[in-house]
K.L.:
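One structure, pasted below without further comment.
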Amino acid sequence: MSAPEDPRVPSRDDESAEPSNFLRDIVLADLEKGTHDGRVHTRFPPEPNGYLHIGHAKAVHIAWGLASEFGGKFNLRFDDTNPEKEETEFVEGIMEDVRWLGADWEDRLFHASDYFDQLYEWAQHLVREGKAYVCSLTEDQVREWRGTVKEPGRPSPDRDRPAAESLDLLERMKRGEFPEGRYTLRARIDMAHPNMKMRDPLLYRIKHMAHHRTGDTWHIYPMYDYTHGQSDAIEGITHSTCSLEFQVNRPLYDWFIENLPVPHEPRQYEFARLNLTYTVMSKRKLRRLVEEGHVSGWDDPRMPTLKAMRRRGYTPEAIEEFCDRIGVAKADSTVDFSLLEWAVREHLNRVAPRYMAVLRPLKVVITNYPEDRVEMVDCVNNPEDASAGTRQVPFSRELWIERDDFREEAPRKFFRLKPGSEVRLKHAYYITCDEVIKDEAGEIVELRCSYDPESRGGSTPDGRKVRGTLHWVSCQHAVAAEVRLYDHLFRDPFPEESGDFLENLNPRSLEIVEDARLEPALGELTRGDRVQFMRNGYFCVDTVDSTPGRLVFNRTATLKDTWAKIQARG
RNA sequence: UGGGGCGUAGUCAAGUGGCUAAGACACAUGGUUUUGGUCCAUGCAUUCGCAGGUUCGAAUCCUGCCGCCCCAGCCA
């Protein structure tokens, strides 16, 4: 990349460059100054206690993006310091998600638990230096002694415990000689510090619990603050990115780096986490949705989890585009769901092959078309991509069209099928509606139409204009399938802001179409295939419930629907 | 009301003293169209939370005020 002629021209004018943001600018400046020996090394540090969601995708995108753009490295590190909540099950799931997003940690998969020995040695170091002590206050006492945001705390009676004594107690804590809660190891900083995090924070607590990786080796486990920065230091992380709520932890992060003989000095930078309209992002709330049965699981396509979005048909490319568009900043914000939808449409429009599928079938009989005749018509697979080619679709006397595409009494702007009017059947023929057949209840059950043999392929020698073009499926060739239509999980764009978020669930977030009629080629699709149902939306074959004999499709996103807007306006 | 952050359009977000405040999404209008999709064109902040001040010149600097978020887990 050559330097711009005019230095004031931002580099983002260069199409190959990432849009800039304050983190990127910091890295750029560090590279300029030669900080960290000119290295860029980032990491994504999930706790393996749940599944990743779109907010985590932003965090991965930032960390991985910084590393990949500047020829740096990216680590995946599981922050597994609390054996109570962590499970191996999540480790595999998270790796799958991060890999799917396209972030490559190469051979650098780590666990904070890899550093337990080193962390323990450093804890002893702090004790010897008079910077940490074993405290015998109970949990409640610690809380009480800590003071409040407005009042300073009081020093623990053990604050001046001799180093030798603390060392001995710490060793015995480690060996499991004491019950949980009996002692903690605390940093000796400042009980009157205006930042609560600096009031002699806990470094270790006793937990007689097996760890998913270290087994029964430990009876004490390090706290997040004592673990995170040092793990970054050990791995040579240069820019440790995290979300805004950790800003108050940064002075403590720095304190450990300054007071320990670490091999490297990482720096922490915080950005605003992602919020999205019409959904919730907190692990606790997502867990409630799953556990209380409001969704079918963590991979229910309505969930904002990555495994759900993957199942729904979202692509990593779409998520990356979305992340590029939302930017990186420090202001709390909630992004419009429509931007995510735009991103997935933008990608799928380019790559999804088009097919015809009728979701709510209405029979059309073409009275002047021979009963036993079947013609194969040529259909374009993707008008955005000539290389996608064409396919043959069978056309016959009896067809299914969309119920919405016929109106017995139609408004002026309705240019689909109505009595006496002519429309085009996509890639096939023009038809005119001659007669409407109803049952005893007055329900329309069939349309009798006539076709113009001259219009084969969808145009006529006389060049007459036909305003509406409908998709269709030949009855005798149709494949039946289940189609699941998803809408926002919540009806309120800010479900957390008014009452219990569960009260804002959208009762129509899932509509199941049991008996859609598809053109035969769709019957050949396999799990995970992504397509466009023309005039309907983007769909993918469900990876869980679909079988070759009974296809199940998930709607990823609708197409933009200008007609729906016109109708809504009245 | 201690400390740490943040307020630019409906939503994100550039901008860091000097031409008419980027861009995207959304929205609106028109055009093209064998998907009411895509695509194309146009419009959409006389003003940057508010009020003063400094300056020839302020979203950018100063002062005061207002609002929102985070911190008192032996969670991360």
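Below, chain A is the first sequence line, B the second, and so on; all start at residue 1.
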K.L.:
Report which part of the nucleic acid A/R199 touches: base, sugar-phosphate, or nothing (heavy-atom distance under 4.0 Å, all strands).
P.N.:
nothing

K.L.:
Would you kindly give the NE2-to-P distance between A/H211 and B/A76, to the nearest whole Å?
P.N.:
10 Å

K.L.:
Within this structure, what is the CZ-to-C1' distance between A/R407 and B/G36, rounded to whole angstrom?
P.N.:
13 Å

K.L.:
Among the nucleotides B/U11, B/G3, B/G37, which one has an atom lying closest to any side-chain atom of A/D336?
P.N.:
B/U11

K.L.:
Assign A/T81 to base, sugar-phosphate, or nothing according to its heavy-atom contacts below 4.0 angstrom with the strands shown.
P.N.:
sugar-phosphate

K.L.:
Tell me whether A/R456 at atom CZ has more than 12 heavy atoms from other residues, nucleotides or ligands lying less than 6.0 Å away.
P.N.:
yes

K.L.:
Other residues, nucleotides and ligands only: do more than 12 of their heavy atoms fall within 6.0 Å of CZ on A/R467?
P.N.:
no

K.L.:
Can you find a side chain N or O atom of A/N349 that sits less than 4.0 Å from OP1 or OP2 on B/U38?
P.N.:
no

K.L.:
At 4.0 Å (heavy atoms only), tell me whether A/F415 reaches a base, stays on the sugar-phosphate, or touches nothing.
P.N.:
base

K.L.:
Report each atom pair, protein N/O against N/O of nucleotides 5-9 of chain B, whose distance is under 3.5 angstrom.
P.N.:
| from | atom 1 | to | atom 2 | distance (Å) |
| --- | --- | --- | --- | --- |
| B/G5 | O2' | A/Q247 | OE1 | 3.3 |
| B/G5 | O2' | A/Q247 | NE2 | 3.3 |

K.L.:
Are the side chain of A/D114 and the backbone N or O of A/H111 linked by a donor-acceptor pair below 3.5 Å?
P.N.:
yes

K.L.:
I need the CE-C1' distance between A/M356 and B/U35, as an integer number of Å.
P.N.:
11 Å

K.L.:
Considering every strand and a 4.0 Å limit on heavy-atom distances, what is the contact class for A/L202: base, sugar-phosphate, or nothing?
P.N.:
base

K.L.:
Using whole Å, what does the distance between atom P of nucleotide B/U35 and atom CZ of A/F533 come to?
P.N.:
19 Å

K.L.:
Any base atoms under 4.0 Å from A/T334, or only sugar-phosphate, or nothing? Heavy atoms, all strands.
P.N.:
sugar-phosphate

K.L.:
Name the nucleic acid region contacted by A/K207, choosing base, sugar-phosphate or nothing; use a 4.0 angstrom heavy-atom cut-off, strictly under.
P.N.:
sugar-phosphate

K.L.:
May I ask you to say what A/S333 touches in the nucleic acid, namely base, sugar-phosphate or nothing, with a heavy-atom cut-off under 4.0 Å?
P.N.:
sugar-phosphate

K.L.:
Using only modelled atom types and a 3.5 angstrom limit, is any donor from either the side chain of A/E384 or the base of B/G37 paired with an acceptor on the other?
P.N.:
yes

K.L.:
Any idea which of B/G36, B/A26, B/C75 is nearest the A/E47 side chain?
P.N.:
B/C75

K.L.:
Closer than 4.0 angstrom, basic N to acidic O: yes or no for A/D158 and A/R186?
P.N.:
no

K.L.:
Under 4.0 angstrom, heavy atoms only, what part of the nucleic acid is A/E84 near: base, sugar-phosphate, or nothing?
P.N.:
nothing

K.L.:
Nearest to the side chain of A/I566, which nucleotide is it out of B/G2, B/G36, B/A28?
P.N.:
B/G36

K.L.:
Measure from the side chain of A/K413, starting at C-beta and using heavy atoms only, and say which of B/G36, B/A72, B/C12 lies closest.
P.N.:
B/G36

K.L.:
May I ask you to say what A/R143 touches in the nucleic acid, namely base, sugar-phosphate or nothing, with a heavy-atom cut-off under 4.0 Å?
P.N.:
sugar-phosphate

K.L.:
Verify the contact: side-chain N or O of A/T148 to OP1 or OP2 of B/G2, cut-off strictly under 4.0 Å; return yes or no.
P.N.:
no

K.L.:
Looking at A/R267, I'd like to know if its CZ atom is crowded, meaning that more than 12 non-hydrogen atoms belonging to other residues, nucleotides or ligands lie closer than 6.0 Å.
P.N.:
no

K.L.:
Tell me what A/L276 touches on the nucleic acid: a base, only sugar-phosphate, or nothing, going by heavy atoms under 4.0 Å.
P.N.:
nothing

K.L.:
Classify the side chain of A/R416 versus the base of B/G36 as yes if they form a donor-acceptor pair under 3.5 Å and no if they do not.
P.N.:
yes

K.L.:
A/K426 has a side chain; which of B/C75, B/U35, B/G2 sits nearest to it?
P.N.:
B/U35

K.L.:
Among B/A76, B/G37, B/G3, find the nucleotide with the atom closest to the side chain of A/N249.
P.N.:
B/A76

K.L.:
Consider the side chain of A/K560, meaning its heavy atoms from C-beta on, and name the nucleotide among B/G73, B/C75, B/U38 that approaches it most closely.
P.N.:
B/U38

K.L.:
Students often mix this up, so state it plainly: with edges at 30° and 60°, are the rings of A/Y253 and A/H228 parallel, tilted or perpendicular?
P.N.:
tilted

K.L.:
Starting at the 5' end of RNA chain B, which residue's closest nucleotide do you reach first, A/L340 or A/R456?
P.N.:
A/L340

K.L.:
Check every atom of B/G2, B/C70, B/U35 against the side chain of A/E245 and return the nucleotide holding the closest atom.
P.N.:
B/C70

K.L.:
Flag the pair A/D452 and A/R464 as a salt bridge only when some basic side-chain nitrogen lies within less than 4.0 angstrom of an acidic carboxylate oxygen.
P.N.:
yes

K.L.:
Expressed in whole Å, how much space separates the C1' atoms belonging to B/G67 and B/A28?
P.N.:
32 Å

K.L.:
Find which nucleotide of RNA chain B each of A/P383 and A/N195 is nearest to by heavy atoms, and output the residue with the more 5' nucleotide.
P.N.:
A/N195

K.L.:
For A/W472, is the NZ or CZ atom of A/K426 found under 6.0 angstrom from the centre of its six-membered ring and inside 45 degrees of the ring axis?
P.N.:
no

K.L.:
Just the rounded figure in Å: distance from P of B/U33 to CZ of A/R535.
P.N.:
18 Å

K.L.:
Where does the angle between the aromatic ring planes of A/F337 and A/H488 fall among parallel (under 30°), tilted (30 to 60°) and perpendicular (over 60°)?
P.N.:
perpendicular

K.L.:
Which nucleotide wins on minimum distance to the side chain of A/L559, given the candidates B/A76, B/G37, B/G36?
P.N.:
B/G37

K.L.:
Counting side-chain heavy atoms from C-beta on, which of B/G73, B/G2, B/G36 comes nearest to A/T469?
P.N.:
B/G36

K.L.:
For residues A/Y314 and A/T556, determine if any side-chain heavy atom of one lies less than 4.5 Å from a side-chain heavy atom of the other.
P.N.:
yes

